[in-house]
Amino acid sequence: MKRITMLLVSVLMFAVMGSVFAQDAKPYKEGKVLQVSFIKIKPGQFNNYMKYLDGPYKANMEAMKKAGLITGYAVYRSQPRAPQDADLILTVAYPNMAALDRSDEADAISTKVMGPMDSRDKASMDRESMRELLGSQLTRELILK
């Protein structure tokens, strides 16, 4: 009789603890990761920079998307509230944080699309004559259950 009582008490404890753990579950799940870059276009360079975005940048992003490294990208024009604010915002969407660790694959794609690292470094310096990168941040989507 004592064993049966202990067994019933154990079963009840597991049932109670299971409901406590169920209540601790997060009310969301983690979704895609968004890299957001804030750009200030230099005077008279808007169309030149947009040509770059529509050319090599877009080709690279499309290749990354086709390879499954990113899920999307976008370009947004913004009205700056102050002279030091961004007037263009670039976003790149990754399926999750782990996708950011695939840098070797991303480099291989960029090399194929945009040329070797030396060429890409020079192009990066050329872009700085058209724009200033004010900063960037990573954000993660939280999907409510």
Side-chain angles (χ1 to χ4, degrees), residues 6-145:
M6 291 298 279
L7 181 62
L8 285 173
V9 168
S10 297
V11 169
L12 284 172
M13 285 179 59
F14 282 121
V16 169
M17 289 183 72
S19 68
V20 168
F21 287 128
Q23 290 173 0
D24 283 345
K26 297 184 286 187
Y28 63 90
K29 66 178 183 174
E30 295 170 337
K32 67 182 174 187
V33 174
L34 203 61
Q35 179 183 15
V36 183
S37 299
F38 302 94
I39 309 293
K40 178 75 174 168
I41 306 297
K42 293 186 177 178
Q45 293 296 320
F46 184 80
N47 285 334
N48 290 332
Y49 190 63
M50 291 304 293
K51 287 176 189 174
Y52 160 76
L53 291 176
D54 191 42
Y57 178 83
K58 181 179 177 181
N60 193 48
M61 290 293 109
E62 288 295 328
M64 298 276 193
K65 191 173 170 182
K66 184 177 179 181
L69 296 178
I70 66 172
T71 59
Y73 63 98
V75 178
Y76 299 93
R77 190 164 194 182
S78 178
Q79 289 293 336
R81 294 176 293 165
Q84 67 275 10
D85 286 348
D87 48 16
L88 203 69
I89 298 171
L90 306 177
T91 62
V92 180
Y94 298 87
N96 51 43
M97 283 288 190
L100 297 171
D101 290 335
R102 297 173 69 186
S103 59
D104 289 342
E105 292 173 68
D107 284 342
I109 290 169
S110 292
T111 298
K112 187 175 181 181
V113 174
M114 301 174 74
M117 185 64 80
D118 291 345
S119 298
R120 289 183 283 157
D121 286 347
K122 183 182 179 319
S124 179
M125 291 186 305
D126 292 344
R127 274 195 312 280
E128 293 310 307
S129 69
M130 295 182 272
R131 58 105 192 231
E132 177 184 358
L133 175 62
L134 300 178
S136 63
Q137 67 183 42
L138 280 179
T139 60
R140 173 174 251 167
E141 179 183 23
L142 299 179
I143 303 166
L144 303 175
K145 291 184 176 177

> Considering only heavy atoms from C-beta outward, does the side chain of V92 approach that of L34 to under 4.5 Å?
Replying inline: no
> Q45 and S129: which non-hydrogen atoms are nearest, and at how many Å?
Replying inline: CG-O, 3.9 Å
> Are R131 and Y52 in a cation-pi contact, defined as NZ or CZ under 6.0 Å from the six-membered ring centre and within 45° of the axis?
Replying inline: no
>> For Q137, I'd like to know if atom CD has over 12 heavy atoms of other residues, nucleotides or ligands within 6.0 Å.
In response: yes
> Does the side chain of Y49 come within less than 4.5 Å of I39's, by heavy atoms?
Replying inline: yes
> Out of curiosity, K58 NZ to L53 CG, how far, rounded to the nearest 0.5 Å?
Replying inline: 11.0 Å
> Any idea which heavy atoms bring A67 and R102 closest together, and the distance?
Replying inline: O-NH2, 4.2 Å
> Around R77, counting heavy atoms of other residues, nucleotides and ligands shown, do more than 12 lie under 6.0 Å from its CZ?
Replying inline: no
>> Return the CZ to CG distance between F38 and L90, rounded to the nearest 0.5 Å.
In response: 10.0 Å
>> As an exercise, state the distance from OH of Y76 to OG1 of T91, rounded to the nearest 0.5 Å.
In response: 4.5 Å
> Roughly how far, to the nearest 0.5 Å, is the NZ atom of K32 from the OG1 atom of T139?
Replying inline: 9.0 Å
> With no hydrogens and no angle check, is any side-chain donor or acceptor of D85 less than 3.5 Å from a backbone partner on A82?
Replying inline: yes
>> For K40, is the NZ atom crowded, meaning more than 12 foreign heavy atoms sit under 6.0 Å from it?
In response: yes
> Can you name the nearest heavy-atom pair linking V113 to N60, along with the distance?
Replying inline: CG1-N, 3.7 Å
>> Ignoring hydrogens, what is the shortest heavy-atom contact between I70 and M61? Give both atom names and the distance.
In response: CD1-O, 3.5 Å
> I143 versus Y28: any side-chain heavy-atom pair under 4.5 Å?
Replying inline: no
>> Given 3.5 Å as the limit, does a donor-acceptor pair link the side chain of N96 with the main chain of A99, or not?
In response: yes
> For the atom pair NZ (K65) and OH (Y73), what is the distance rounded to the nearest 0.5 Å?
Replying inline: 6.5 Å
> Would the number of heavy atoms belonging to other residues, nucleotides or ligands and lying under 6.0 Å from NZ of K42 be above 12?
Replying inline: yes
> How long is the span from the CG atom in D107 to the CE atom in M117, to the nearest 0.5 Å?
Replying inline: 5.0 Å
>> For K145, is the NZ atom crowded, meaning more than 12 foreign heavy atoms sit under 6.0 Å from it?
In response: yes
> Which heavy atom of A86 sits nearest a heavy atom of P80, and at what distance?
Replying inline: O-CB, 3.7 Å
> Which atoms form the tightest heavy-atom contact between S37 and S136, and what is the distance?
Replying inline: OG-CB, 3.7 Å
